[in-house]
Participant: 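What follows is a single structure, and I will ask about it in a moment.
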Amino acid sequence: MALPVRTNLRHVFRFIQKINSPKRSLCGACTENKVATAEPPGGGRVFSGIQPTGVPHLGNYLGALENWVSLQNQYPSVLYSIVDLHSITQPQDPAQLRSNIVDMAASLLACGIDPERAILFQQSQVSEHAELSWILGCLTSMPRLRHLPQWKMKSKQKNEGSVGLYTYPVLQAADILLYKSTHVPVGEDQVQHLELAQDLARIFNNRYGDLFPEPCALMSSTRKIKSLRDPSAKMSKSDPQTMATITITDSPDDIALKVRRAVTDFTSEVTFDPETRPGVSNLVTIHAAMAMISVEEAVSQARGLDTGAYKKLVAEAVIQRLTPIREEIERLRSDRAHLEGVLAQGTQRARELAAPVLREVRQRVGFC
């Protein structure tokens, strides 16, 4: 049976919109995973979040936090969220979660996040995140979420997964779109989740009229930091081997011990070859990043040293960078009222941006 003419026209119109819509990309102004340089009118807005799962480790610092600090000087509007809603996809002890939130705030401030230049806030205190996530979830298909890599990986580890784990990429999209963010710093493992946010911005705009910009990925130029005990895996807070991970609050003695026990190989010369010498190459990556020099310069400084002597050089570079951060975290932890005040102020500023956007969303959807 033929469809009514009006329905046919509607399908034709949607088809034209689809073929004329811009192709998904990491950024309209960047290709080949390069960091975006072009900015939209107004300079753009950056959003990123970090889970309160304990003190950040060296990989977090070099892969994300160092970049977050530099972005404060590059964009006029920057928001960094402690995403506690995301953290409860895993079982959490409430008292520990409260402590972790404050510890993360201290860590971010100590690393250089400036609450005058960036809005630092606790995600769960801005209820608009959860409401926009529900609305966007109603625009998301189950197959779209099922194919995201982290769901496939984590659900296999558990043999099953919670609804929250399944839908948390939608909440990530809501975090980003709620502030009409234009730029999102991401690692390679988060690109597909950002693509979901781009898709949902496009789907919402097509259905309800233009509202959300499609956010652009800012790819980190820092290489991934590997486990000191298993250089085939990323450095992780959850690694059961205590010698595998350097946290930013480790003492100089702890750092020296962990670097000294880092897995290398039987060749004493220091070279950079991640494929055949992953352990030594990981140390070179850490040395170069912490000393703020190129990989080539790090290898040059290692000339004439065996791996044992080179480990001392790496440890010194790490200790020099992390010691002032550790000391500042200790100072901030002693003033919990100040940390809570910073988060409260950030929450208020975030709400001022989020509330009008959600009001517009509610009106367009038909809630009011």
Participant: Has Asn60 got a side-chain atom pairing as donor or acceptor with His57's backbone, closer than 3.5 angstrom?
Facilitator: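 Yes.
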Participant: Tell me the closest heavy-atom pair linking Thr242 and Lys258, and the distance in Å.
Facilitator: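 Between these two residues, the closest heavy atoms are O-CE, 3.3 Å.
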Participant: Rounded to the nearest 0.5 Å, what separates atom CG in Asp254 from atom CG in Leu322?
Facilitator: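 Asp254 CG to Leu322 CG: 12.0 Å, rounded to 0.5 Å.
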Participant: With heavy-atom distances below 4.5 Å as the criterion, would you say the side chains of Gln122 and Ile101 are in contact?
Facilitator: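 SC-SC contact between Gln122 and Ile101 confirmed.
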Participant: Taking the side chain as C-beta and beyond, is there a heavy-atom pair between Val170 and Leu139 under 4.5 Å?
Facilitator: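 With C-beta onward as the side chain, the pair stays apart.
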Participant: If you round to the nearest 0.5 Å, how far is CD1 of Ile325 from CG of Leu65?
Facilitator: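 Rounded to the nearest 0.5 Å, the CG-CD1 separation comes out at 8.5 Å.
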Participant: Consider side chain to side chain contact (heavy atoms under 4.5 Å, CB included). Of Ile246, Asn282, Thr245, which one does Ile225 pass it with?
Facilitator: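 Looking at Ile246, Asn282, Thr245, the match for Ile225 under the side chain to side chain contact (heavy atoms under 4.5 Å, CB included) is Asn282.
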Participant: Can you give me the closest heavy-atom contact between Pro56 and Ser107, atom names plus distance?
Facilitator: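 Here Pro56 and Ser107 meet closest at CD-OG, 3.4 Å.
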Participant: Inspect the contact between Lys312 and Glu316 and indicate whether a charged nitrogen and a carboxylate oxygen are less than 4.0 angstrom apart.
Facilitator: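 A salt bridge is absent here (no side-chain N lies under 4.0 Å from a carboxylate O).
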Participant: Say whether Leu85 and Val357 are linked into one hydrophobic cluster, either directly or through other cluster members, by side-chain heavy-atom distances under 4.5 angstrom.
Facilitator: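 Different hydrophobic clusters.
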Participant: Is it the case that the side chain of Ser87 and the backbone of Asp84 share a donor-acceptor pair, with hydrogens and angles ignored and the cut-off at 3.5 Å?
Facilitator: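 Pair found, side chain donor or acceptor close to backbone of Asp84.
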Participant: For the residue pair Val191 and Val186, what are the closest heavy atoms and their distance?
Facilitator: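 So the two residues come closest at CG2-CG2, 4.4 Å.
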Participant: Do you reckon Leu211 sits in the same ILVMFWY cluster as Leu196, going by side-chain contacts under 4.5 Å, direct or chained?
Facilitator: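 Result: yes, single cluster for both.
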Participant: In the single-linkage hydrophobic clustering (I, L, V, M, F, W, Y; side-chain heavy atoms under 4.5 Å), do Met104 and Leu171 co-cluster?
Facilitator: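 Looking at the clustering, Leu171 is in a separate group from Met104.
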Participant: Give the minimum heavy-atom separation between Trp68 and Ser48, together with the two atoms involved.
Facilitator: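 It is CZ2-OG, 3.2 Å.
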Participant: Say whether, by atom type as modelled, one donor and one acceptor occur between the side chain of Gln51 and the main chain of Ile82 under 3.5 angstrom.
Facilitator: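 No, because the side chain of Gln51 does not come within donor-acceptor range (under 3.5 Å) of the backbone of Ile82.
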Participant: Under the 3.5 angstrom rule, does the side chain of Ser227 hit a backbone N or O of Arg229 as a donor-acceptor pair?
Facilitator: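 Yes: the side chain of Ser227 pairs with the backbone of Arg229.
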Participant: A side-chain contact here means heavy atoms from C-beta on lying under 4.5 Å apart; do Leu353 and Leu178 qualify?
Facilitator: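 No - every pair of side-chain heavy atoms lies 4.5 Å or more apart.
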Participant: Take Glu131 and Arg362, measure what side-chain contact (heavy atoms from CB on, under 4.5 Å) needs, and give me the verdict at the end.
Facilitator: CA-CA 10 Å; Glu131 185 170 352; Arg362 289 172 60 85; 2.3 Å; yes
Participant: Measuring from Glu327:CD to Leu332:CG, what's the distance to the nearest 0.5 Å?
Facilitator: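 Reported to 0.5 Å precision, the distance equals 12.0 Å.
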Participant: In this structure, is the centre-to-centre distance between the rings of Phe47 and His183 below 6.0 Å?
Facilitator: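 No, the ring of His183 stays outside the 6.0 Å limit from the ring of Phe47, centre to centre.
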Participant: When you check the gap from the basic side-chain N to the acidic O, do Arg331 and Glu328 get nearer than 4.0 Å?
Facilitator: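 A salt bridge is present here (some side-chain N lies under 4.0 Å from a carboxylate O).
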Participant: Do any N or O atoms from the side chain of Gln72 and from the backbone of Val69 form a donor-acceptor pair under 3.5 angstrom?
Facilitator: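 Yes, because the side chain of Gln72 sits within donor-acceptor range (under 3.5 Å) of the backbone of Val69.
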Participant: Any donor and acceptor pair, going by atom type alone, linking the side chain of Ser300 with main-chain N or O of Glu296 inside 3.5 Å?
Facilitator: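 Checking the backbone N and O of Glu296 against the side chain of Ser300, no donor-acceptor pair under 3.5 Å is found.
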Participant: Determine whether Val78 and Tyr80 satisfy the following criterion, side-chain contact (heavy atoms from CB on, under 4.5 Å), listing intermediate values before the conclusion.
Facilitator: CA-CA 7 Å; Val78 179; Tyr80 295 136; 3.3 Å; yes
Participant: For Gln172 versus His193, what's the shortest heavy-atom pair and its separation?
Facilitator: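 The pair with the smallest heavy-atom distance is OE1-ND1, 2.8 Å.
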Participant: Check Leu194, Val184, Leu71 against Leu218 for a side chain to side chain contact (heavy atoms under 4.5 Å, CB included) and give me the one that passes.
Facilitator: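 Of Leu194, Val184, Leu71, side chain to side chain contact (heavy atoms under 4.5 Å, CB included) with Leu218 is met by Leu71 alone.
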Participant: Is it true that Trp134 and Leu358 fall in one hydrophobic cluster, defined by side-chain heavy atoms closer than 4.5 Å?
Facilitator: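 Trp134 and Leu358: separate clusters.
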Participant: Assess, by modelled atom type and distance only, whether the side chains of Asp253 and Ser251 contain a donor and an acceptor separated by less than 3.5 Å.
Facilitator: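 The criterion, which ignores hydrogens and geometry beyond distance, is not satisfied for Ser251 and Asp253.
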Participant: Quick one: does any side-chain atom of Arg321 pair with a main-chain N or O of Met292 as donor and acceptor, under 3.5 Å?
Facilitator: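 No; judged by distance alone, with no hydrogens or angles, the pair does not exist.
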Participant: Kindly say whether the aromatic ring centers of Phe272 and His287 come within a distance under 6.0 Å.
Facilitator: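 Not close enough - the centres of the two rings lie 6.0 Å or further apart.
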Participant: Would you indicate whether the side-chain heavy atoms of Val55 and Lys237 approach each other to under 4.5 Å?
Facilitator: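 Lys237 vs Val55: side chains apart.
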Participant: Less than 4.0 angstrom from a charged side-chain N to a carboxylate O is my criterion; do Arg202 and Glu214 meet it?
Facilitator: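 The answer is yes: the pair qualifies as a salt bridge.
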Participant: Looking at Gln320, I'd like to know if its CD atom is crowded, meaning that more than 12 non-hydrogen atoms belonging to other residues, nucleotides or ligands lie closer than 6.0 Å.
Facilitator: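 Open: at most 12 neighbouring heavy atoms sit under 6.0 Å from CD of Gln320.
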Participant: Quick one: NZ on Lys226 to CG on Leu283, what's the gap to the nearest 0.5 Å?
Facilitator: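 One gets 13.5 Å once the value is rounded to the nearest 0.5 Å.
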Participant: Could you tell me which non-hydrogen atom of Val126 sits nearest to which non-hydrogen atom of Ala350, and how far apart they are?
Facilitator: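 Of all heavy-atom pairs spanning Val126 and Ala350, the closest is CG2-CB, 4.1 Å.
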Participant: Hey, are the side chains of Pro215 and Gln198 touching, using non-hydrogen atoms and a 4.5 Å cut-off?
Facilitator: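 SC-SC contact between Pro215 and Gln198 confirmed.
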Participant: Can you tell me how far the CZ atom of Arg260 sits from the NZ atom of Lys311, to the nearest 0.5 Å?
Facilitator: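 Answer rounded to 0.5 Å: 9.0 Å.
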Participant: Is there a path of hydrophobic side-chain contacts, each under 4.5 Å between heavy atoms of I, L, V, M, F, W or Y residues, that connects Ile176 with Leu136?
Facilitator: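 Yes: a chain of side-chain contacts under 4.5 Å links Ile176 to Leu136.
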Participant: Main chain of Glu269, side chain of Tyr310: is a donor-acceptor contact present, judged purely on distance under 3.5 Å?
Facilitator: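 Looks like no, no N/O pair under 3.5 Å.
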Participant: Does a side-chain heavy-atom distance below 4.5 Å link Ile119 with Ser81?
Facilitator: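 No; the side chains remain at least 4.5 Å from each other.
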Participant: Any chance you could measure Gln92, atom CD, to Gln90, atom CD, to the nearest 0.5 Å?
Facilitator: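 Separation between the atoms: 7.5 Å.
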Participant: Report the C-alpha separation of Ile286 and Leu58 in whole Å, then their side-chain angles, then the decisive distance to 0.1 Å, and conclude whether the side-chain contact (heavy atoms from CB on, under 4.5 Å) test is met.
Facilitator: CA-CA 9 Å; Ile286 292 171; Leu58 188 63; 3.8 Å; yes
Participant: Whether the side chain of Asp239 engages the backbone of Ala244 through a donor-acceptor N/O pair (distance < 3.5 Å, no angle test) should be reported.
Facilitator: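 No, the answer is negative, given that no donor and acceptor are paired below the 3.5 Å cut-off.
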Participant: Take Leu120 and Asp114 through the side-chain contact (heavy atoms from CB on, under 4.5 Å) test and state the conclusion after the steps.
Facilitator: CA-CA 8 Å; Leu120 175 62; Asp114 182 353; over 6 Å; no
Participant: Quick one: does Tyr75's side chain get under 4.5 Å of Thr182's, heavy atoms only?
Facilitator: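 No, side chains not in contact.
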Participant: Side-chain donor-acceptor pair under 3.5 Å between Arg277 and Thr271, yes or no?
Facilitator: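 Indeed, the side chains of Arg277 and Thr271 share at least one donor-acceptor pair under 3.5 Å.
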Participant: Are Arg351 and Ser127 side-chain neighbours, meaning at least one heavy-atom pair lies under 4.5 Å?
Facilitator: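 Arg351 does not reach Ser127 side chain to side chain.
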